[in-house]
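Data first, discussion second: the structure below is written as structure tokens.
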Amino acid sequence: MAIFLDTAKIEDIQKFHRMGIIRGVTSNPTLLYQAGIVGTFDEMKKYFIHMAELIQPLPLSVEVTSNDQEEMIRQAKEFASWAKNINVKITIHGPQGELHNLEVVHHLEKDLNIRVNVTAMMSAQQCLVAAMAGASFVSLFCGRVNNMGYNAIDEIKKLRRLLDEFQLKAKIIAASTREILNVVEWLGAGAHIVTVLPNLLEGMIVHPYSKETVQMFLRDGERGLMADVKSKAGTV
Ligand code: G3P
């Protein structure tokens, strides 16, 4: 079970990687755009290589930006050549439900030995077919599943049972986190990984009552033990 960081920002990655609490990073074109990370191809290449180096050997997902079959394969080969720990994100199908994406996934995994994270999935059945096509990771957008009025926990449970039963190698990434609670509940339901936004990860760590308790310890330490230490050191 693992926590990945869902971000496009280097500073977020550095912050949480230094704590040793993340086991991978997922990005997507929207996260990059929202963070204002835009640039030429060469600039983006440098950016992702830097990101991959920072966390290596942990995995980093980089998403293709086209739905044309040849272009997806070209980009996937390019991204995978940047670093050993980069895997390529491909959506389950095209914008109008075009079916060629899974053919690309199968080709990349089987013929080119490129790890693929199939993304933008809303159900256990979509994830199952992506896993059968050979995907290494299947990203179930659990927050969006819940938004549509279904229970993501049921989808995760069903999916995990099927993957185990069919002995498929795909790891479930529960994505599209909305609340801090999601992390523990989705891991508990059987997700191998939950990918978390930086603010939610920080929210998992910081608790108002812990703050109050830490303040109490520091205040009383100053009054008691530290006062004595300081007087012995001649600083008071
Ligand atoms: O990892 C996928 C995630 O970034 C999508 O989340 O919030 O757009 O549903 P959201």
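Whatever order the structure lists them in is the order used to number ligands and atoms, beginning at 1. All figures in this text were calculated on a predicted structure; none of them were measured in a lab. Position 1 is the first residue of the sequence, and the numbers go up from there.
Asn87 has its side chain within reach of Phe137: a pair of non-hydrogen atoms, C-beta onward, lies under 4.5 Å apart.
Asn28 counts as a contact of ligand 1, since one of its heavy atoms falls under 4.0 Å from the ligand.
Scanning the protein heavy atoms around atom 7 (O) of ligand 1, the nearest turns out to be Arg178 NH1, 2.8 Å. In this structure, atom 5 (C) of ligand 1 lies nearest to the protein heavy atom Phe141 CE2, 3.6 Å.
Other residues, nucleotides and ligands place more than 12 heavy atoms under 6.0 Å from the CZ atom of Phe41. Other residues, nucleotides and ligands contribute over 12 non-hydrogen atoms within 6.0 Å of the NZ atom of Lys169.
Ring-plane geometry between Trp82 and Phe48 is classed as parallel, the angle between the planes falling under 30 degrees on a 0 to 90 degree scale with a further cut at 60.
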Using residues 24-32 as the side-chain source, report each donor-acceptor pair under 3.5 Å to any protein atom, sequence neighbours left out, with the distance given to one decimal.
from: Thr26; atom 1: OG1; to: Asp6; atom 2: OD1; distance (Å): 2.8
from: Thr26; atom 1: OG1; to: Thr195; atom 2: OG1; distance (Å): 2.6
from: Ser27; atom 1: OG; to: Ser61; atom 2: O; distance (Å): 2.7
from: Asn28; atom 1: OD1; to: Thr30; atom 2: N; distance (Å): 3.0
from: Asn28; atom 1: OD1; to: Leu31; atom 2: N; distance (Å): 2.7

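Between Ser176 and ligand 1, at least one pair of N/O atoms sits closer than 3.5 Å.
Contacts with ligand 1 closer than 4.0 Å are made by side-chain heavy atoms of Ala175 only, the backbone lying farther away.
Of all atoms in ligand 1, numbered sequentially from 1 with element shown, those under 4.0 Å from a heavy atom of Asp6 are 1 (O), 2 (C), 3 (C), 4 (O). Close contacts of ligand 1 with Arg144, meaning ligand atoms under 4.0 Å from a residue heavy atom, involve 8 (O), 9 (O), 10 (P).
With respect to the salt-bridge test (charged N to carboxylate O, under 4.0 angstrom), the residues Glu43 and Lys46 do not qualify.
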